[in-house]
Student: 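Below you'll find the structure I mean.
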Amino acid sequence: MDTTLLIVEDDISLNKGIALTLAQDDIKIKQAYDLATAETLFANGGIDLIILDVNLPDGSGLDFCEKIRRVSKVPILFLTANDMECDIVTGFELGGDDYITKPFSLMVLRARVMAVLRRSDQHNEDKLTLDHMTFDFGKMEFRSRNQAVILSKTEQKLLKILVTNKGNILTREQLMDRIWTHEAEFVDENALTVTIRRLRSKLEDEPSSPKYIKTVYGLGYVWAEGNAHE
């Protein structure tokens with residue numbers, strides 16, 4: 001499966017140099033020279049790693065990282081103009097995965113990028129495509145008909161349990177125990193019904209007549225359909 005990298009760097013020659021160094025058959029490159037373009041490319045989905053300059057003409061890469069971390073765990077490698085310790089610390093605190101200070105060797109950057117990608121490979125098992133829906137539990141990115149779907153942590157947990165047990169009926173008790181691991185006995189039973197309803201409203205074409213998240217009366221719920229594919 002192809003890996004897509006987003007390079008956000010306003011120095012055009014450096015951006016192109018990084019792209020040339022990293023591009024190969026299974027690595028696709030997207031380039032942005034400002035935050036506005038980067039935000040659009042990221043919103044379109046499918047980005048597996050971001051190389052992000054801290055200082056950009058229309059804002060701070062640190063602010064962009066903070067925005068991304070609200071919705072995604074996609075790996076981020078910062079480029080810093082000089083060895084500014086405060087930038088590096090802030091970058092890690094905001095959820096950056098690595099950093100490299102300018103000037104740097106492109107081959108060293110390549111090695112750092114590959115190391116970050118290897119570490120993030122554990123998330124690949126959390127990727128699933130069913131029909132027109134793509135669920136990336138590792139990055140917390142969910143799409144339906146190529147539109148981003150925002151799910152709460154509880155909705156994400158419920159969805160993951162349902163799709164990884166596709167075709168198997170799960171009782172309300174099983175779902176309650178697994179979603180609210182330590183608090184199940186204190187959670188109002190209506191909470192599961194509400195979460196199911198919300199998930200249907202976000203993923204089903206006709207929530208009142210669901211195709212995927214079906215109720216099995218007297219038993220529980222089942223994820224009933226969907227062909228998995230790469």
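Quick note: numbers below take in every heavy atom, side chains included, and nothing from hydrogens, waters or symmetry partners.
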Student: Fit a plane to each ring of F142 and F135, take the angle between them on a 0 to 90° scale, and name the class: parallel (under 30°), tilted (30 to 60°) or perpendicular (over 60°).
Tutor: tilted

Student: State, yes or no, whether a side-chain contact exists between L14 and K102 at a heavy-atom distance under 4.5 Å.
Tutor: yes

Student: Closer than 3.5 angstrom, by distance alone: can the side chain of E9 be matched with the main-chain N or O of D11 as a donor-acceptor pair?
Tutor: yes

Student: I want to check something: taking the side chain as every heavy atom from C-beta on, are I161 and L170 in contact at a cut-off of under 4.5 Å?
Tutor: yes

Student: Side chain to side chain donor-acceptor pair (under 3.5 Å) for R172 and T193? Distances and angles first, verdict last.
Tutor: CA-CA 9 Å; R172 292 182 63 86; T193 306; 3.2 Å; yes

Student: Report yes if the side chains of R197 and P207 come closer than 4.5 Å at any heavy-atom pair, otherwise no.
Tutor: no

Student: Answer yes or no: does atom CD of Q24 have more than 12 heavy-atom neighbours from other residues, nucleotides or ligands under 6.0 Å?
Tutor: yes

Student: Pick out which of L109, L117, L5 makes a side chain to side chain contact (heavy atoms under 4.5 Å, CB included) with L77.
Tutor: L109

Student: Should L162 and V222 be regarded as members of a common hydrophobic cluster, given that ILVMFWY residues are connected when their side-chain heavy atoms come within less than 4.5 Å of each other, either directly or indirectly?
Tutor: no

Student: Checking R178 side chain against K157 main chain: does a donor-acceptor pair fall under 3.5 Å?
Tutor: no

Student: Between N165, L159, N168, which is the residue that forms a side chain to side chain contact (heavy atoms under 4.5 Å, CB included) with W223?
Tutor: L159

Student: Do the two ring centres, one from F78 and one from F92, sit under 6.0 Å apart?
Tutor: no

Student: Is a side-chain N or O of K214 found less than 3.5 angstrom from the main chain of P210, in a donor-acceptor match?
Tutor: yes

Student: Spell out, as yes or no, whether a donor-acceptor pair under 3.5 Å connects the side chain of T134 to the backbone of L130.
Tutor: no

Student: With a 4.5 Å cut-off on side-chain heavy-atom distances among I, L, V, M, F, W and Y, is there a chain of contacts connecting I7 to M114?
Tutor: yes

Student: In this structure, would I51 and L106 fall into the same cluster of hydrophobic residues linked by side-chain contacts under 4.5 Å?
Tutor: yes

Student: Applying the side chain to side chain contact (heavy atoms under 4.5 Å, CB included) criterion to Y212, which one of L203, D205, D131 satisfies it?
Tutor: D131

Student: Grab the two heavy atoms, one from Q31 and one from I29, that are nearest each other, plus how far apart they are.
Tutor: CG-CG2, 3.9 Å

Student: Given 3.5 Å as the limit, does a donor-acceptor pair link the side chain of S72 with the main chain of I68, or not?
Tutor: no

Student: Tell me whether E204 contacts the main-chain N or O of I213 through its side chain, where contact means a donor paired with an acceptor under 3.5 Å.
Tutor: yes

Student: With no hydrogens and no angle check, is any side-chain donor or acceptor of E155 less than 3.5 Å from a backbone partner on S152?
Tutor: yes

Student: Is a salt bridge present between K73 and E141, judged by a nitrogen-to-oxygen distance below 4.0 Å?
Tutor: no

Student: Test your reading of the model: is there a side-chain donor-acceptor pair from T37 to the backbone of Y33, 3.5 Å cut-off?
Tutor: no

Student: For residues K30 and I47, determine if any side-chain heavy atom of one lies less than 4.5 Å from a side-chain heavy atom of the other.
Tutor: yes

Student: With hydrophobic residues grouped by side-chain heavy-atom distances under 4.5 Å, do V116 and F104 end up in a single group?
Tutor: yes

Student: D58 side chain to L35 main-chain N or O, any donor-acceptor pair under 3.5 Å?
Tutor: yes

Student: So which heavy atom on F137 is nearest to which on Q156, and how close?
Tutor: CE2-O, 3.6 Å

Student: Counting only heavy atoms not in R143, do more than 12 sit closer than 6.0 Å to its CZ atom?
Tutor: yes

Student: Do D97 side-chain atoms and I76 backbone N/O form a donor-acceptor pair below 3.5 Å?
Tutor: yes

Student: Indicate if V108 and L79 have the same hydrophobic cluster label, given that clusters are the connected sets of ILVMFWY residues with side-chain heavy-atom separations under 4.5 angstrom.
Tutor: yes

